[in-house]
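Notes to accompany the following structure.
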Amino acid sequence: MQQIEDFYSSKGYSGAGLRAVLLRDKDYTKLLRERKQKVRKKATPTKSEIKKYVLSTEKDYTILKKIKELEKEKLNKQEKHLIKLIKSQLEYDWRKPLIKELNRISQRHAKN
């Protein structure tokens, strides 16, 4: 699956465009369907999570499961912020939240 994704990335696809082209690729969708059936037994994502996140590997489901467990706990502000950033890494366009966070940190240090 990663090879197929890398192929389309090398062709210039990213974010939503990459997702769209991958979902049209029959080999990719077949592999994705098989993998999802296998790993969904471990964690059950909501419909919105299925739509928003990649969730193509067992590790993705493990991350989502741990996030859901931690969100039920009483977390401090920093932990909540970190969980939000980690969750964003499951998104198709995971670079966007990273750039946003880096810009936020950069602005804070530019003031000093």
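Computation of the quantities below employed the complete heavy-atom set of this structure, encompassing side-chain atoms and omitting hydrogens, waters and symmetry-equivalent molecules.
Counting only distance, with no hydrogens or angles, the side chain of Ser106 and the backbone of Leu102 share no donor-acceptor pair below 3.5 Å. The closest donor-acceptor contact from the side chain of Ser88 to the backbone of Leu85 lies under 3.5 Å. Checked by atom type and distance alone, the side chain of Glu79 pairs as donor or acceptor with a backbone atom of Asn76 at under 3.5 Å.
Going from atom CD of Glu5 over to atom OG of Ser14 covers 11.0 Å, rounded to the nearest 0.5 Å. The CG atom of Leu18 sits 9.0 Å away from atom OH of Tyr92, with the distance rounded to the nearest 0.5 Å. Residue Lys68 holds its NZ atom at 15.5 Å from CD of Glu73, rounded to the nearest 0.5 Å. To the nearest 0.5 Å, the span separating CD on Gln89 from CZ on Arg95 amounts to 9.5 Å. Atom CG of Leu98 and atom NZ of Lys100 lie 12.0 Å apart (nearest 0.5 Å). Here the CG atom belonging to Asp27 is positioned 12.5 Å from the CG atom belonging to Leu32, to the nearest 0.5 angstrom.
Between Asp25 and Tyr8 there is a side-chain heavy-atom pair separated by less than 4.5 Å. Counting heavy atoms from C-beta outward, Lys66 and Ile63 have side chains that stay 4.5 Å or more apart. Between Lys80 and Glu71 there is no side-chain heavy-atom pair separated by less than 4.5 Å. Using a 4.5 Å cut-off on side-chain heavy atoms (C-beta onward), Leu22 and Thr29 make no contact. Residues Leu75 and Leu82 fail the side-chain proximity criterion, which asks for heavy atoms closer than 4.5 Å. For the pair Leu64 and Asp60, the minimum side-chain heavy-atom distance is 4.5 Å or more. Side-chain atoms of Leu70 and Ile83, non-hydrogen and from C-beta on, do get closer than 4.5 Å to each other.
Looking only at atom types and distance, the side chain of Asp6 has a donor-acceptor partner in the side chain of Gln2 under 3.5 Å away.
The number of heavy-atom neighbours closer than 6.0 Å to CD of Gln3, taken from other residues, nucleotides and ligands shown, is 12 or below. Enclosure of atom OH in Tyr13 is not indicated, since only 12 or fewer non-hydrogen atoms of other residues, nucleotides or ligands lie within 6.0 angstrom.
Both Ile86 and Tyr53 sit in one connected hydrophobic cluster of ILVMFWY residues. Membership requires side-chain heavy atoms under 4.5 Å apart, directly or through other members. A single hydrophobic cluster is not seen to contain both Leu55 and Leu31; linkage of ILVMFWY side chains at heavy-atom distances under 4.5 Å, directly or through other members, places them apart.
Closest approach of Ile50 and Pro45 over heavy atoms only: CG1-CG, 3.7 Å.
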Inset, instruction - Take Lys96 and Glu91 through the side-chain contact (heavy atoms from CB on, under 4.5 Å) test and state the conclusion after the steps. - result: CA-CA 9 Å; Lys96 193 179 214 177; Glu91 295 178 15; over 6 Å; no
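Ion pairing between a basic and an acidic side chain is recognised when a charged N comes within 4.0 Å of a carboxylate O; Glu49 and Lys52 show no such pairing.
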